[in-house]
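Predicted, not measured: the structure shown is a model, and the values here were computed from it. Below, chains carry the letters A, B, ... as their sequence lines are ordered, and counting in each starts from 1.
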Amino acid sequence: MEIALSLHKSQTPLLGSSCPGNLSPLGRSFASKVRHYWSRPFSRICCSSMERRLKPRPKKIGNVERQVTVLEDSQIRKTSSSGICCQIEKLVLYNRYREAMELFEILELGYDGSDVGGRTYDALVSACVGLRSIRGVKRVYNYMINSGFEPDLFVMNRFLFMHVKCGLMLEARNLFDEMPERDTVSWMTMIGGLVDSRKFSEAFRLFLCMWEEFNDGGSRTFATMIRASAGLGLVQVGRQIHSCALKRGVGDDNFVSCALIDMYGKCGSIDDAHFVFDQMPEKTTVGWNSIIATYALHGYSEEALSLYYGMRDSGAAIDHFTISIVIRICARLASLEYAKQAHAALVRHGYGTDIVANTALVDFYSKWGRMENAQHVFNRMSCKNIISWNALIAGYGNHGQGEEAVEMFEQMLQEGMIPNHVTFLAVLSACSYSGLSERGWEIFHSMSRDHKVKPRAMHYACMIELLGREGLLDEACALIRSSPFQPTKNMWAALLTACRMNENLELGKLAAEKLYGMEPEKLCNYVVLLNLYNSCGKLKEAAGVLQTLKRKGLRMLSACSWIEIKKQPYAFLCGDKSHSQRKEIYEKVDNLMVEISRHDYVEENETLLPDVNEEEQRILKYHSEKLAIAFGLINTPHWTPLQITQGHRVCGDCHNAIKLIAKVTGREIVIRDASRFHHFRNGSCSCGDYW
DNA sequence: CTACTCGGGG
């Protein structure tokens, strides 16, 4: 049996700064464990180009106030239109877009625009792009058309850019098609816009046309097309462009390299990504960020964190991207200590107001049930978006505070934020976890009625779970039948769980069969049915399920739980005897068991632990989560909550035991298991004993 | 005048 691992015992990170690729064997094996158990990749939903932040225009030196003299209203009325144009150009130079647009309104109202030139339109484009103002785009463009100004290629390109950046792709396309002449900039502006709006195939089509016409493209072209292949997930296409870029001698270009790292990373070729990174003549901040994000994306959280330390030592500048990624990694590793450091770094480097990093922090604290901290960070954020709200609402829901989740949801509506499908998922599951079924139904019905968000299959799965918790299996079935979708695996899984909780064999078998058809390789489906048979006393059928598993060659995995103490993660296997503190740990478990047996604890042998092999079932008393908890209790002060991560679902026996352990020790214990968070507090769990 | 990296269910 493998030993509990203790990582980076010395304070030095896992790997040296000079060679980020070489992990210590310990790091490797821990990482492979993490990956093994927690390999769900983060889904990436690309932000729309609208939401992307603008790169700030380089600031000009000098005192803005002194150089831009803002005219009084009375003066402006007397000024000629060329004077106003001059003012607009100056204001834009100093990023004062709003004022520039106010002046434009004066032009619009009082002048025909006959002497407004290309430079002013150029400035107005910058203002519209800076403000992301769709209305502004249309006004400026119409004004130009009406004034009879004939734009040259440069100005046309700028107008094209303006439409693309403001998300007006149809208008941009019309503009592009009607342009009398087009250069590579026009093409790349259009193609870049298509990539931003995730129309990758169309981008490639245009790229091929452009290639035919010009047979030319600089490093920017390649970087964009690499991003397009990343979006399509086609590593072969990406490779072709890579070799093309090499042939043209721009393989070393910073932007090309960064795009390549990202592309190989997203396509799953981490080695290739690392190779490109190693080849970079100068490792820039973006390069580091990309490689760190790649490792993080594939669950190599330890390596990613080590790379971050390598980056710090290398002297590369840490930016808000870096810190956002690191916080996200901490959320995975449940590493409060590292997260605190990252939080501090965020403030120290002057990114304390960055919305992404702060949202990642809210998410981090929410995930681990530190709702006071999450709320605190949230309250201090000067600007919040829907993602920030969603993270907070989901946090309350996941940790059993359904009322607060609903309250935040309502506050969000009051502040005029438009909820999206993720918001509803968070608030509906919160209602379900906390048994607020009436409220849940109200919100479910209000989705399409009041908020124009069509319920997706996941929302239906959520409502099925809600019904299942109330034991309303017939209604759950009816909901599946009446849903506008083909029933999805999530819906059947919710029904199967409901059947296990309510011991409904007939329906359970049906749901299980449907699931087997959809995901025959997924172990936990079989285990849920197995547990259902066991709890109904159908031992013969249960054995049959085990036979099926053997026939399909599906093996139960070793359950592993890990906990972080003083920045070091420790992993435990079931019945693990390898840790140097094993004596204390086992004594602690034994003592705890004795103590909780005074509080109505009865050892339960019926349930099989999902995803765990048979031998391990027999040592119920020493399941990995119990060992991790004992270890945590020994090694942390009594006011610290314990945070445990594991890839398997908690078994019924552990769940009961941990509730009581939380009660007798007065500790908060948070377990993130394969399906959800369990927040144990004073004898009860946030999941409401339903999982 | 156009490029690269970050945030929310499952």
Side-chain angles (χ1 to χ4, degrees), chain A residues 40-45 47 51-53 55 118 122 125-126 129 152-162 164-165 183-193 195-196 217-227 230 250 253-263 265 284-294 296-297 319-328 331 351 354-364 366-367 385-395 397-398 420-426 428-429 456-459 461-462 488-490 493-494 675-676:
Chain A
R40 273 206 325 252
F42 285 104
S43 63
R44 268 191 97 269
I45 297 164
C47 334
E51 251 188 274
R52 288 254 167 120
R53 263 172 307 183
K55 246 179 283 175
D122 180 35
V125 165
S126 301
V129 173
D152 58 8
L153 182 60
F154 176 89
V155 174
M156 274 313 281
N157 282 343
R158 292 286 289 156
F159 271 107
L160 188 63
F161 177 61
M162 171 173 84
V164 161
K165 274 292 166 205
D183 60 2
T184 46
V185 174
S186 332
W187 282 93
M188 285 318 296
T189 306
M190 197 61 218
I191 293 172
V195 175
D196 276 345
S219 55
R220 291 163 185 236
T221 313
F222 291 117
T224 304
M225 294 327 290
I226 292 164
R227 194 152 72 93
V250 290
D253 177 85
N254 177 35
F255 282 110
V256 171
S257 302
C258 293
L260 280 169
I261 294 170
D262 179 57
M263 184 274 296
T284 57
T285 300
V286 178
W288 280 104
N289 290 348
S290 306
I291 192 73
I292 293 173
T294 291
L297 177 72
D319 68 1
H320 55 289
F321 279 75
T322 324
I323 300 173
S324 301
I325 306 166
V326 170
I327 296 172
R328 198 159 65 114
Y351 301 115
D354 182 80
I355 184 170
V356 176
N358 276 299
T359 299
L361 269 175
V362 171
D363 178 51
F364 171 83
S366 292
K367 275 205 167 66
N385 63 14
I386 186 68
I387 301 176
S388 329
W389 282 97
N390 289 351
L392 189 75
I393 295 171
N398 282 329
N420 64 11
H421 65 108
V422 181
T423 321
F424 283 107
L425 211 49
L428 289 177
S429 65
R456 302 187 180 189
M458 276 304 295
H459 299 106
C462 218
T488 62
K489 50 187 190 212
N490 289 318
S675 67
R676 71 188 49 183

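Base engagement by A/Ser324 is indicated by at least one non-hydrogen atom pair under 4.0 Å involving a base atom. Across all strands, A/Asn157 comes closer than 4.0 Å to base atoms (heavy-atom distances). Looking at heavy-atom distances under 4.0 Å, A/Asn398 makes no contact with the nucleic acid at all.
Of the listed nucleotides (B/dC6, B/dG9, B/dT5), B/dT5 has the atom at the smallest distance from the side chain of A/Asn289. Side-chain atoms of A/Ala293 lie closest to B/dC6 of the nucleotides B/dC6, B/dT2, B/dG9. Here B/dT5 is the nucleotide among B/dT5, B/dA3, B/dG8 with the atom lying nearest to any side-chain atom of A/Phe321. When distances are taken from the side chain of A/Asp363 to each of B/dT5, B/dG8, B/dT2, the shortest belongs to B/dG8. Residue A/Asp262 has its side chain nearest to B/dC6 when only B/dG8, B/dC6, B/dT2 are considered. Candidate nucleotides B/dA3, B/dT5, B/dC6 were compared by shortest atom distance to the side chain of A/Asp253, and B/dA3 ranks first. Ranking B/dT5, B/dC1, B/dG9 by closeness to the A/Leu425 side chain, first place goes to B/dG9. Picking from B/dT5, B/dA3, B/dG9 the nucleotide with the shortest atom distance to the side chain of A/Ala394 gives B/dG9. Comparing B/dG10, B/dT5, B/dT2 by their closest approach to the side chain of A/Asn490 singles out B/dG10. Checked against B/dG8, B/dT2, B/dA3, the side chain of A/Val185 finds its nearest nucleotide in B/dT2.
The side chain of A/Lys165 places no N or O atom within less than 4.0 Å of a non-bridging phosphate oxygen (OP1 or OP2) of B/dC1.
Residue A/Met190 contributes atom CE, which lies 16 Å from atom P of B/dT2 at whole-angstrom precision. We find that CZ of A/Phe255 is positioned 10 Å from P of B/dT5, with the value rounded to whole Å. If you measure from atom CG of A/Leu260 to atom P of B/dT5, you get 11 Å, rounded to the nearest angstrom. Distance, A/Met458 CE to B/dG8 P: 16 Å, rounded to whole Å.
Heavy atoms from other residues, nucleotides or ligands lying under 6.0 Å from CZ of A/Arg676 number more than 12.
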- Decide side chain to side chain donor-acceptor pair (under 3.5 Å) for A/Asn254 and A/Thr284; before the verdict, give the C-alpha distance in whole Å, the side-chain angles of both, and the deciding distance to 0.1 Å. CA-CA 8 Å; A/Asn254 177 35; A/Thr284 57; 3.0 Å; yes
- Message: Using the rule given for side-chain contact (heavy atoms from CB on, under 4.5 Å), can you reason through A/Thr221 versus A/Thr184, listing the C-alpha separation, both sets of side-chain angles and the distance that settles it, and then say yes or no?
- Response: CA-CA 9 Å; A/Thr221 313; A/Thr184 46; over 6 Å; no
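A/Val129 is listed as a side-chain neighbour of A/Phe161, based on a closest heavy-atom distance under 4.5 Å. With a 4.5 Å cut-off on side-chain heavy atoms, A/Leu425 and A/Ser429 do not count as touching.
Applying the 3.5 Å distance criterion, the base of B/dG9 shares no donor-acceptor pair with the side chain of A/Asn390.
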